[in-house]
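Working notes, structure below.
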Protein chains: 2
Amino acid sequence: MVSTNQFETLMVNRLKSIFLFSHLSETDLIHLASIVKLRSFNNGEILFYEGTPSDKLYILLDGVLKGYKTDMKENEIVLHYFYPVSLVAEMANLHHIPFPATAEFQTDGNILEIDYPIFERDFLKNPTVSFELIKSLTQKLKYLEDIITTRLALDATSRVAKFLYENGDISDSTKRHKIATILGLTPETLSRSFKKIKILGLISDEGKNFTILNREGLKELFS
Amino acid sequence: MVSTNQFETLMVNRLKSIFLFSHLSETDLIHLASIVKLRSFNNGEILFYEGTPSDKLYILLDGVLKGYKTDMKENEIVLHYFYPVSLVAEMANLHHIPFPATAEFQTDGNILEIDYPIFERDFLKNPTVSFELIKSLTQKLKYLEDIITTRLALDATSRVAKFLYENGDISDSTKRHKIATILGLTPETLSRSFKKIKILGLISDEGKNFTILNREGLKELFS
DNA sequence: TTAGAAATTTGATTTATATCAATGAAGCGG
DNA sequence: CCGCTTCATTGATATAAATCAAATTTCTAA
């Protein structure tokens, strides 16, 4: 069996490999190691629910996490898919407010859970930490801006055109249902929009896969 | 006529009174004063347009500024009303991307314009500056989250109920048209929603002013 | 390889809200 | 105080996308 010290060393090394902590001193890392916990989740498990008070800061180390809100008809509004390594919902911590959305694992994954009050007191003033935090926050602002642009300013077909323009050939293997959720559409509407774009000659489909025939034409549809 | 030094002193004092810079050293303030410019705007003037490259950081000192995007039918999607003292669109600067929205003055006002590249190089690492920046960014994230919750997850009547719940009696003098814009509704729909809520007995109107009769009832409508 | 399940497409209908049109009420300058 | 302009309300209609219901295609596992 390994001793506490060995655990500590392992954790310190793991922490050092995370962008947010890469510039911390050895002393800081050891202190940090004492306030974090590694947790594993299975596909489908919930990390936290919308409205839950937040006193933990989460960093996604492995797996894919979906952040979503639920509307009046119990439909999911997907805000974001998180891929490792990301800070999750740090805004809630910083403002001491409940989590604004639900986070659900889409694959098996691992989370680094940090005791937030202590982290705030001892690490938030650190320039590298705050700089990385700023980067993460602005990235999230960009995502939300984009959701607003896409979902409030564009109609169904324009949203699909934008998606194709931005995600190109990646969409091949992605389930239509998932694309529909990302775009805030029903699968039926998505299908009809794909058809319109096909008729315009901007894409063609061989079987299940799309080929983009006219990328600039797609852009025309949403801008 | 005042000398350069007197101008500098005036500017330094003005800067010191801004939360973001209140903890800077005298040396820093003098340096900062050399990269800022004070600009006045009239009601209706545009500070920047959506899509314009951003190399200035703006701080709103006086007046009210409206941030909005434009949808496919040329409708405004109001993202935010800025009141002094606020950072404006810092996200664009931090990520070196074009402004994501248009900013238009709703009253006469004053802006402090900062040369961003120099500011980033010389001030962004300052712990107080970055801390205030984090606060401002998280505040904006909250606004955007709220827009998404309101505009994507709630129907018209629920949005109005939420607005009444959160803004209470303030709405008295506010033009219906402005409320409608904030909620992303047409004045007609807003009027019909008010009527529904009136029939439910949650509010009453004497002439132009509303009285909230059942605040908890309002909450029930949107949660 | 094939049967059954799941995903996608297509068509018909419904729904919420925008739009269009008209009327009524309130605020304002003379 | 009056007429004019702006704002708010009400009613009728249009529209985009959701929902409901099949039909068809694709995937999967025996």
Side-chain angles (χ1 to χ4, degrees), chain A residues 43-44 69-78 106 147 150-164 171-200 203-211 221-222, chain B residues 43-44 69-78 106 147 150-164 171-200 203-211 221-222:
Chain A
N43 187 351
K69 289 170 176 281
T70 306
D71 76 6
M72 315 190 70
K73 294 177 197 158
E74 304 293 295
N75 297 317
E76 283 181 7
I77 300 169
V78 175
Q106 300 300 103
I147 288 175
T150 305
R151 309 269 283 251
L152 294 178
L154 300 183
D155 64 21
T157 306
S158 313
R159 279 184 236 176
V160 176
K162 180 166 182 278
F163 181 86
L164 287 168
S171 53
D172 285 5
S173 65
T174 314
K175 288 267 185 320
R176 296 295 166 88
H177 181 266
K178 187 178 171 186
I179 300 176
T181 314
I182 292 172
L183 296 176
L185 299 171
T186 57
E188 294 94 325
T189 302
L190 178 67
S191 172
R192 290 185 247 264
S193 293
F194 270 133
K195 199 177 171 186
K196 272 189 206 171
I197 294 172
K198 224 179 295 169
I199 290 170
L200 287 171
I203 56 173
S204 73
D205 66 339
E206 303 115 22
K208 191 182 152 42
N209 292 5
F210 284 116
T211 315
L221 286 187
F222 65 88
Chain B
N43 187 350
K69 288 171 178 281
T70 308
D71 75 5
M72 316 193 68
K73 294 178 197 158
E74 304 293 295
N75 296 317
E76 282 181 9
I77 301 169
V78 175
Q106 301 302 103
I147 288 175
T150 306
R151 309 269 281 253
L152 294 178
L154 300 182
D155 63 22
T157 306
S158 312
R159 279 184 236 177
V160 177
K162 179 165 183 277
F163 181 86
L164 287 167
S171 53
D172 285 5
S173 66
T174 314
K175 290 267 186 317
R176 295 296 166 88
H177 181 265
K178 188 180 169 185
I179 300 176
T181 314
I182 292 171
L183 296 176
L185 300 171
T186 58
E188 293 95 324
T189 303
L190 178 67
S191 174
R192 289 185 248 263
S193 292
F194 270 134
K195 199 176 171 186
K196 273 190 206 169
I197 295 171
K198 227 180 292 169
I199 290 171
L200 287 170
I203 57 174
S204 74
D205 65 340
E206 303 113 23
K208 189 181 153 46
N209 291 5
F210 284 118
T211 315
L221 286 188
F222 65 87

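Every chain is numbered from 1, with letters handed out A, B, ... down the list of sequences.
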Could you give the distance from [atom1] ([X]) to [atom2] ([Y]), rounded to the nearest 0.5 Å?
X: B:Ile182; Y: B:Phe163; atom1: CD1; atom2: CZ; answer: 5.0 Å
X: B:Thr186; Y: B:His177; atom1: OG1; atom2: NE2; answer: 9.5 Å
X: B:Ile203; Y: B:Lys196; atom1: CD1; atom2: NZ; answer: 13.0 Å

Please give, in whole Å, the distance from [N] [atom2] to [X] [atom1]?
X: A:Arg176; N: D:dT24; atom1: CZ; atom2: C1'; result: 14 Å
X: B:Lys195; N: C:dG24; atom1: NZ; atom2: P; result: 14 Å
X: A:Leu154; N: D:dA16; atom1: CG; atom2: P; result: 15 Å
X: A:Leu152; N: D:dA17; atom1: CG; atom2: C1'; result: 15 Å
X: A:Phe194; N: C:dA7; atom1: CZ; atom2: C1'; result: 13 Å
X: B:Asn75; N: C:dT19; atom1: CG; atom2: C1'; result: 11 Å
X: B:Glu188; N: D:dT10; atom1: CD; atom2: P; result: 12 Å
X: A:Glu74; N: D:dA18; atom1: CD; atom2: P; result: 17 Å

Quick check on the helix from C:dT1-D:dA30 to C:dG30-D:dC1: what's the angle between its two end axes, five base pairs per end, to the nearest 10°?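 If I round to tens, the end axes sit 40° apart.
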Nearest atoms (heavy-atom pairs only) where B:Lys198 meets B:Phe210: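 For B:Lys198 and B:Phe210, the tightest heavy-atom pair comes out as CE-CE2, 4.3 Å.
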Just to confirm, is there a sub-4.0 Å distance from OP1 or OP2 of [N] to any side-chain nitrogen or oxygen of [X]?
X: B:Thr186; N: C:dT17; result: no
X: B:Thr189; N: C:dT17; result: no
X: A:Arg192; N: C:dG11; result: no

Does A:His177 or B:Lys196 map to a spot on DNA chain C nearer the 5' end, using the closest nucleotide for each?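 Looking at DNA chain C, the more 5' nearest nucleotide goes with A:His177.
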Exam field: side chain B:Thr157 to backbone B:Ser193, donor-acceptor pair closer than 3.5 Å: no
Which one of A:Asp155, A:Thr189, A:Leu183, A:Leu221 satisfies the side chain to side chain contact (heavy atoms under 4.5 Å, CB included) criterion with A:Val160?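 By the side chain to side chain contact (heavy atoms under 4.5 Å, CB included) criterion, A:Val160 pairs with just one of A:Asp155, A:Thr189, A:Leu183, A:Leu221: A:Leu183.
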With a 4.5 Å limit on heavy-atom distance, are the side chains of B:Lys69 and A:Leu152 in contact?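 Counting from C-beta outward, B:Lys69 and A:Leu152 never come under 4.5 Å.
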For A:Leu190, report the nucleic acid contact type (base, sugar-phosphate, nothing); a contact means any heavy atom under 4.0 Å.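 Since no nucleic acid heavy atom lies under 4.0 Å of A:Leu190, the category is nothing.
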